Amino acid sequence: MGVINFEELFESKLAKNDIIEPKDWMPDNYRKHLIRQISQHAHSEIVGMLPEGNWITRAPSLRAKLVLLAKVQDEGGHGLYLYTAAESLGTSRDEMLDALLTGKAKYSSIFNYPTLTWADVGAVGWLVDGAAIMNQVMLQRTSYGPYARAMVRICKEESFHQRQGYEIMTHLAFGTPAQKEMAQDALNRWWYPTLMMFGPPDVESPNSENAIKWRIKRETNDELRQRFVNQTMPQITYLGLTAPDKNLKWNEAKNGYDFSEPDWTEFKAVIKGNGPCNKERLASRNKSHSEGAWVREAATAYAKKQNEKYEAA
Amino acid sequence: MTSKEALFNYSLRLGDTSVILAQRLSEWTGHGPFLEEDLALTNIALDIFGRAKALLEYAAKTEGKGRTEDELAFFRNDREYFNALITEQPNGDYAKTIIRQALIDCFDLAFYTELAKSKDETLAGIAAKSIKEITYHKRHSFAWVNRFGNGTEESFNRLQNGLNEIWPFVGELFEMNEVDAILIKEGIAVDLSALKPNWEKEINQLFAKANLVAPEGTYVQHGSRNGLHTEYLSYILAEMQSIPRMHPTAKW
């Protein structure tokens, strides 16, 4: 029997589109890249509960309350499976949470924008979840098994959320003049931050060779952004709303819309921690975590006592 | 009071109690002590909002004046709300939320088990569905009471303090008035006095397990059966009803 070359085995699996599982050998940089990406994704789900959670107690109908609560709960659930997927790579939930709470770990910058009216709940579902799906669909076939499987479920739920968000926008856009105004205002405020979700322009973000090789990325930022605009424009038109971009128009030659770039200076500022709600979001997570410390300690102490009783018996 | 009026009030009482309790529980969403508990409490709030919606739909239908469940929830003032006072009390820390929930779950499981036998088919149907949900809620809250009672000194102290704060509002759960009298005669409502002995037995067992002591000589606060509340309810409603009241003709 010959000596197994783990690296070659790993590479050949990737080449065959095989799935890498937790117990398989993997290179360190692959493991590190995934831990960072999956935990950031988990943090985004958890922090993402806050802007929409802001409207749970004020949702304007009993049905709207049920839908929104279920949605925010789904996001928590996504966070939970993603943390578990990351744990399978040899990190712990405590380490990941610590990185989030101390501001070392990143999460999606979009959640550093405020939800100012009920229409924002609709706009977040429609635009933000819509953009997230576009980014995430390719991850269902990513090379790391636990991540790919989590993404299958997450994408299904996200597309449901997007429809719910669009439903809210429909009620508003075809409702009273004040409702329509609220819908337009939400679109105006969420349009560019949503376009930023696809990341910086390709010229500033050379594709990481590894991310492509590892099947973590399949399309460039600009390609995804273009696809999002093409998909969203007919929906905006249907709602009778206007995208806040004077340069936005159909370009027959490229079979897509021309549109203005978001303000990348703002993008960088928000990433650096200077968005409208960066401090509030992190403070809120830290408050819940520190106020919950005695609950977690009590649960641990109780479990320990139960174990001792069990062993003594 | 006609029996139709009694049924309308009874459905409102049950519906309002569920709306306000779920509203309080949903304040925890996104802020729980850890992720699994955040999800669990949100799930419980969802179940109770679902029940609230069904009960208020039935109240609206019983009233027969063309109002919807949303109009009942969002366009009545605090003096027209009949939720039990215990549900509107602030969440406090997690121990207070949990002990409030355990006291209510224990009552609700017994109550809805009886209501499932009601001669009113709608109420019986809603109750039958609720039994499964409340069985889970009670398992959850009872387990946490036990854990806090036997966890750390801090968790025990917080639990006992929470109980002391919430205890004056428990007795009202068992109060009955003309509405109950009319509907019990018709085989629709539950005789609450019959639920008390077993509720006390179960709660005493739970307290013994968690080393809790029921406060003595507590004066029972009441009033919700007549639409009289603590100061907290109008704030809950101000928040909950703000959007529909700003846009009274809008649909959502």
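Below, each value reflects all heavy atoms present in this structure, side chains not excepted, and no hydrogens, waters or symmetry copies. Here the structure is a predicted model, which is why all the values come from computation and not from measurement.
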field: Portion of A:Leu172 that has a non-hydrogen atom of chain B nearer than 4.5 angstrom
entry: side chain
message: Just verifying a value: how many Å separate A:Lys305 NZ and B:Arg147 CZ, rounded to the nearest 0.5 Å?
response: 13.0 Å
field: Engaged part of A:Leu97 at the chain B interface, taking heavy atoms whose separation is under 4.5 Å
entry: neither
query: B:Met240 versus A:Arg58: any side-chain heavy-atom pair under 4.5 Å?
result: no
- request: Pick one of side chain, backbone, both or neither for A:Thr176, based on which atoms fall under 4.5 Å of a heavy atom in chain B.
  value: side chain
- line: Applying a strict 4.5 Å limit to non-hydrogen atoms, the region of A:Val295 in contact with chain B is both
message: If you count heavy atoms of other groups shown closer than 6.0 angstrom to CZ of A:Phe174, is the number above 12?
response: yes
message: I'd like to verify something: which residue of B:Thr249, B:Asn150, B:Leu39, B:Thr68 has the highest number of heavy-atom pairs under 4.5 Å with chain A?
response: B:Leu39
message: Tell me whether B:Tyr235 at atom OH has more than 12 heavy atoms from other residues, nucleotides or ligands lying less than 6.0 Å away.
response: no
query: Between A:Arg93 and B:Glu36, is the closest basic N to carboxylate O distance under 4.0 Å?
result: yes
Any side-chain heavy-atom pair of A:Leu62 and B:Leu56 under 4.5 Å: yes
query: In terms of heavy-atom proximity below 4.5 Å to chain B, should A:Met182 be classed as side chain, backbone, both, or neither?
result: side chain
Residue part contacting chain B, namely of A:Leu50, when any heavy atom lies under 4.5 Å: side chain
Option that, when pairs with chain A are counted at under 4.5 Å, heavy atom only, ranks first among B:Arg158, B:Lys53, B:His31: B:Arg158
Proximity breakdown for A:Ala59 and chain B, heavy-atom pairs closer than 4.5 Å: backbone
message: Tell me whether B:Glu239 contacts the main-chain N or O of A:Thr57 through its side chain, where contact means a donor paired with an acceptor under 3.5 Å.
response: no
query: Less than 6.0 Å separating the ring centroids of B:Trp144 and A:Tyr302?
result: no
Under 4.5 Å from a heavy atom of chain B, the part of A:Ala64 involved: neither
task: Against chain B, label A:Gln73 side chain, backbone, both or neither, depending on which of its atoms sit under 4.5 Å from a heavy atom there.
output: both
- request: Starting at NZ of A:Lys71, measure out to OG1 of B:Thr29 and round the result to the nearest 0.5 Å.
  value: 14.0 Å
